[in-house]
Amino acid sequence: LGLELDVLRVLQGRVHVETLNGRIRLDGDQMDATLNTVNGNIYAYMERGGLAAETTNGAVVAHLLGPEVAQCRVTSRNGGITVALHEGVSVQVKARTDYGEIRCDLPLEPILNENKRRSLEGCIRDGLYPLELTAVNGNIWITCERGRSATDHEANQDCQNPGVAP
C-alpha cells in the first residue's frame with residue numbers, strides 16, 4: 001500500500017521524513033528538512049532553512065519561497081526536478097542530468113557551461129547559497145516562483161527576463 005504523507009506548518013526545528021512507497025508534501029516554516037522516498041514524489045514549500053530531498057522513482061518539486069532558504073540539494077534517479085525560486089532567493093546553481101535536459105528561466109551568470117543541456121553551473125542573483133540538483137533519468141527545470149498570490153507573481157521581475165535555456 002502507498003502512503004501519502006503531508007507535513008503542514010512545522011514552525012521550528014528539523015524535519016526528517018522517509019517513505020518506501022508514497023508521496024511526501026512539506027509545507028512549513030522549518031529550519032531544515034530531509035525528505036527521502038523510494039517510490040513517490042516529493043513536494044516541498046520552503047520559507048527558510050535547508051532542504052535535502054531524494055527519491056529513487058519519482059519527481060521532486062521544490063518551491064524556495066524566501067531569501068532565508070540557506071541551501072537546497074535535490075536528487076532524483078528516475079524522475080524530473082523542478083525548483084521554483086521566489087524573488088530574493090540567491091543561489092549558486094550546480095545542476096546535472098545524465099539522461100535529460102536542463103532548463104533555467106532566470107538570469108544566470110554561468111560559471112561552467114560545457115554542455116548546457118546536461119550540466120549547468122552559475123549564479124542566480126548573488127549566488128549566496130548552494131542549489132545542487134542531480135537527476136539520472138529526468139529533466140531539471142529552474143524557474144521563478146509564480147507566487148501564492150497575484151501580487152507575488154507581479155513582484156518577481158526576474159520572470160520577465162529569462163536566462164540560460166537549452
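Proximity of Thr97 to Asn139: side-chain heavy atoms (C-beta onward) are nowhere separated by under 4.5 Å. Between Leu120 and Leu108, the closest side-chain pair of non-hydrogen atoms falls below 4.5 Å. You'll find the side chain of His63 stays beyond 4.5 Å of the side chain of Thr82, heavy atoms only. With contacts defined as side-chain heavy-atom distances shorter than 4.5 Å, the pair Val93/Cys104 does not qualify. A heavy-atom distance below 4.5 Å is not found between the side chains of Ile102 and Leu133.
The hydrophobic clustering, which links ILVMFWY residues whose side-chain heavy atoms are closer than 4.5 Å, places Val15 and Ile24 together. Leu106 and Leu131 end up in the same hydrophobic cluster when Ile, Leu, Val, Met, Phe, Trp and Tyr side chains are linked at under 4.5 Å. Hydrophobic cluster membership is shared by Leu26 and Val17, with clusters built from Ile, Leu, Val, Met, Phe, Trp and Tyr side chains linked at under 4.5 angstrom.
With sequence neighbours excluded, the residues that form a side-chain contact (heavy atoms from CB on, under 4.5 Å) with Ala59 are Asn41. A search for side-chain hydrogen bond (donor to acceptor under 3.5 Å, both in side chains) contacts involving Thr37 returns Thr19, not counting sequence neighbours. Legend: residues meeting side-chain hydrogen bond (donor to acceptor under 3.5 Å, both in side chains) with Asn39, ordered by chain and number and at least two apart, are Asn21, Asn57. Under the side-chain contact (heavy atoms from CB on, under 4.5 Å) criterion, Val69 pairs with Met46, Leu64, sequence neighbours left out.
Here the shortest heavy-atom pairing between Gly40 and Thr55 reads O-OG1, 2.8 Å. In terms of heavy atoms, Pro67 sits closest to Val89 at N-CG2, 4.1 Å. Across every non-hydrogen atom of Ser90 and Gly127, the tightest pair is OG-N, 2.8 Å. When all heavy atoms of Arg125 and Glu87 are compared, the pair lying nearest together is NH2-CA, 3.8 Å. For Gly138 against Ala135, the heavy-atom pair with the smallest separation is O-CB, 3.6 Å. Taking each heavy atom of Ile124 and Pro107 in turn, the nearest pair found is CG1-O, 3.8 Å.
Counting only residues at least two apart or on different chains, the salt bridge (Lys or Arg N to Asp or Glu O under 4.0 Å) pairs with a member in residues 70-79 are Glu54-Arg77, Arg73-Glu132.
Paired with Trp141 under the rule side-chain contact (heavy atoms from CB on, under 4.5 Å), one option of Asp105, Val83, Ile81 passes, and it is Asp105.
If you take OG1 on Thr134 and CD1 on Ile140, they are separated by 6.5 Å, rounding to the nearest 0.5 Å. Atom CG of residue Asp126 and atom CD of residue Gln92 lie 11.5 Å apart, to the nearest 0.5 angstrom.
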Step by step, work out the side-chain contact (heavy atoms from CB on, under 4.5 Å) result for His16 and Asn36.
CA-CA 8 Å; His16 184 95; Asn36 295 303; 4.2 Å; yes
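In this structure, Arg23 contributes its side chain and Ile42 its backbone to no donor-acceptor pair below 3.5 Å.
Tyr129 forms part of a hydrophobic cluster together with Leu128, judged by ILVMFWY side-chain heavy-atom separations under 4.5 Å.
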